[in-house]
Amino acid sequence: MPATHTTEKVARPPSAAPRPPVPRPAPRSVRLWRGLTPWLFLAAPLALLVAFTYAPVVNMLAYSFTDWDGVSPELSYIGADNYVEIFTRPELFQVFFVSGYYLAASAVQIALALYFATVLSFNVRFRNFYKGVLFFPYLINGVAIGFVFLYFFQDGGTLDSVLALVGYESDRAWLGTSTSANISLASVSVWRYLGLNFVLFLGAIQSIPGELYEAAELDGASRWHQFRYIIAPGIKPVLSLSVILSISGSLSVFEIPYIMTGGATGTETFVIQTTDLAFRFNKTGLASAAAVVLLLIILAVTWVQRRLVPDDKVDLT
């Protein structure tokens with residue numbers, strides 16, 4: 001028989017994959033520039049922050065221990081006399097009672113903003129139009145708002161004309177007494193800042209996963225139950241932030257009462273009083289001490305609020 005030649009294939013063990021080359025470390029100059037690049041981008045904003053925020057606060061703190069009148073180049077150190085005068089003159093602290101009107105108005109404002117944000121987070125007709133209507137007042141300049149509502153509340157103005165259309169003849173001077181003037185001014189603040197809280201709440205509500213709403217609807221949950229067990233816990237951090245902003249804003253109200261009444265008829269706030277001390281009575285040292293006291297009060301209120309309502313992470317699952 002003729003010899004047959006067969007070719008045998010011998011299985012060879014697979015060769016090991018080649019090791020990737022070890023990258024060489026970048027030169028020291030390159031690593032240095034990489035480390036400096038983020039700080040180069042932060043240099044300008046940090047410089048502006050120090051120049052226009054922290055440096056003025058330090059200067060204000062230094063002026064609070066002097067009797068500087070804001071004009072003369074010489075400063076006389078008087079220690080803590082300005083702070084003693086603030087805490088021993090009751091009329092300087094009585095203006096804080098005016099902040100009570102704005103605190104009450106802030107509660108109304110937060111409730112309305114939360115209501116509108118909850119309603120417009122669902123599928124409502126013309127909801128984009130309503131969003132714009134609610135947010136638009138926040139975009140208007142505060143001085144313009146003050147002048148508009150000054151004519152709105154004046155005798156025979158817009159408000160009296162509207163009330164006359166429904167058969168109510170009013171002879172009230174809306175800005176003539178302390179109570180009616182403060183209520184009127186606080187209502188203007190509600191109208192102006194409602195849009196800010198509304199946008200904050202709306203963004204927080206829309207960040208909640210939609211699967212939670214679908215699961216709640218399948219379980220037969222009503223809108224109220226969805227708000228109570230899904231929306232309210234989900235927006236707790238934003239609600240806490242809104243409360244802090246409302247309290248600090250109520251203690252430092254300035255624009256609207258200053259434009260509309262100038263602090264007359266019992267509408268003077270602590271900031272208006274501080275401004276008058278500095279620019280009207282040339283007591284910049286005393287005004288600086290008052291500003292420091294206001295800053296400390298706001299920080300203390302914020303700290304207490306954060307302790308009472310800690311910013312815990314919300315888990316809705």
Side-chain angles (χ1 to χ4, degrees), residues 101-142 144-146 148-149 151-153 157-159 161-163 165-168 183-250 253 255-256 305 309 311-317:
Y101 292 95
Y102 295 95
L103 283 173
S106 298
V108 175
Q109 177 191 165
I110 291 175
L112 290 175
L114 186 56
Y115 171 77
F116 287 122
T118 303
V119 171
L120 295 179
S121 63
F122 296 104
N123 192 11
V124 180
R125 293 185 62 185
F126 307 112
R127 63 176 179 176
N128 290 330
F129 170 76
Y130 294 129
K131 291 177 184 178
V133 170
L134 290 171
F135 185 68
F136 178 72
Y138 182 69
L139 302 177
I140 305 176
N141 182 269
I145 291 176
V148 168
F149 279 93
Y151 291 103
F152 180 82
F153 286 113
T158 307
L159 181 57
S161 300
V162 172
L163 292 177
L165 292 177
V166 297
Y168 180 77
I183 292 176
S184 301
L185 297 178
S187 63
V188 176
S189 296
V190 172
W191 180 81
R192 183 189 180 191
Y193 293 104
L194 177 66
L196 175 62
N197 287 322
F198 165 74
V199 169
L200 292 176
F201 291 149
L202 185 64
I205 292 173
Q206 292 180 345
S207 66
I208 299 175
E211 296 82 2
L212 297 177
Y213 297 108
E214 296 175 359
E217 290 180 356
L218 291 176
D219 291 337
S222 62
R223 296 299 190 192
W224 163 248
H225 289 94
Q226 292 181 29
F227 172 80
R228 181 178 179 182
Y229 296 105
I230 298 178
I231 295 177
I235 66 171
K236 184 179 177 182
V238 177
L239 182 60
S240 177
L241 172 64
S242 180
V243 171
I244 292 175
L245 294 176
S246 298
I247 294 175
S248 61
S250 301
V253 177
E255 281 181 327
I256 292 175
Q305 195 272 341
V309 186
D311 190 10
D312 298 329
K313 186 177 180 180
V314 179
D315 187 8
L316 298 175
T317 58

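What's counted below: heavy atoms across the whole structure, side chains too, no hydrogens, waters or symmetry copies. All values derive from a computational prediction rather than experimental measurement.
- Using a 4.5 Å cut-off on side-chain heavy atoms (C-beta onward), Pro137 and Leu194 make no contact.
- When side chains are defined from C-beta on, Leu245 counts as touching Leu241, because their heavy atoms get closer than 4.5 Å.
- Across every non-hydrogen atom of Tyr102 and Ser189, the tightest pair is CE2-OG, 3.6 Å.
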Go through Tyr101 and Leu185 one step at a time and tell me if the side-chain contact (heavy atoms from CB on, under 4.5 Å) criterion holds. CA-CA 9 Å; Tyr101 292 95; Leu185 297 178; over 6 Å; no

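- Judged purely by atom type and a 3.5 angstrom limit, Ser240 has no side-chain atom pairing as donor or acceptor with the backbone of Lys236.
- Separation of atoms CG (Leu103) and OG (Ser246) is listed at 9.0 Å; rounding is to 0.5 Å.
- Counting heavy atoms from C-beta on, the side chains of Phe116 and Tyr130 never come closer than 4.5 Å.
- A heavy-atom distance below 4.5 Å is found between the side chains of Arg192 and Glu255.
- Rounding to the nearest 0.5 angstrom, the gap separating the CD atom in Gln305 from the CD1 atom in Ile244 is 4.0 Å.
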Take Asn128 and Leu120, measure what side-chain contact (heavy atoms from CB on, under 4.5 Å) needs, and give me the verdict at the end. CA-CA 8 Å; Asn128 290 330; Leu120 295 179; over 6 Å; no

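- Between Ser121 and Tyr213 there is no side-chain heavy-atom pair separated by less than 4.5 Å.
- With rounding to the nearest 0.5 angstrom, the CD1 atom of Ile235 is 6.0 Å from the OG1 atom of Thr118.
- Scored by the side-chain contact (heavy atoms from CB on, under 4.5 Å) test, Ser222 finds Trp224, His225 as partners (sequence neighbours excluded).
- A heavy-atom distance below 4.5 Å is not found between the side chains of Ile110 and Tyr115.
- Heavy atoms only, all atoms of each residue included: Val190 and Leu112 are closest at CG1-CD1, 4.4 Å.
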Passes ring pair (Phe, Tyr, Trp, His ring centres under 6.0 Å), Phe149 versus Phe152? Steps please. CA-CA 4 Å; Phe149 279 93; Phe152 180 82; 5.5 Å; yes

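- For the pair Ser187 and Ser184, the tightest heavy-atom approach, listed with the atom from each and the gap, is OG-O, 2.5 Å.
- Listed by first and then second residue, the side chain to side chain donor-acceptor pair (under 3.5 Å) pairs involving residues 196-210 are Gln109-Asn197, Asn197-Ser242 (not counting sequence neighbours).
- In this structure, the side chains of Val188 and Phe153 come closer than 4.5 Å at one or more pairs of heavy atoms.
- Of all non-hydrogen atoms in Ile208 and Gly234, the two that sit nearest each other are CD1-CA, 4.1 Å.
- The distance from the CG atom of Leu239 to the CG atom of Leu114 is 6.5 Å, given to the nearest 0.5 Å.
- Ala117 is linked by a side-chain contact (heavy atoms from CB on, under 4.5 Å) to Phe198, Phe201, Leu202, Ile205, counting only residues two or more places apart in sequence or in another chain.
- For the residue pair Phe122 and Arg127, the shortest heavy atom distance occurs at O-NH1, 2.9 Å.
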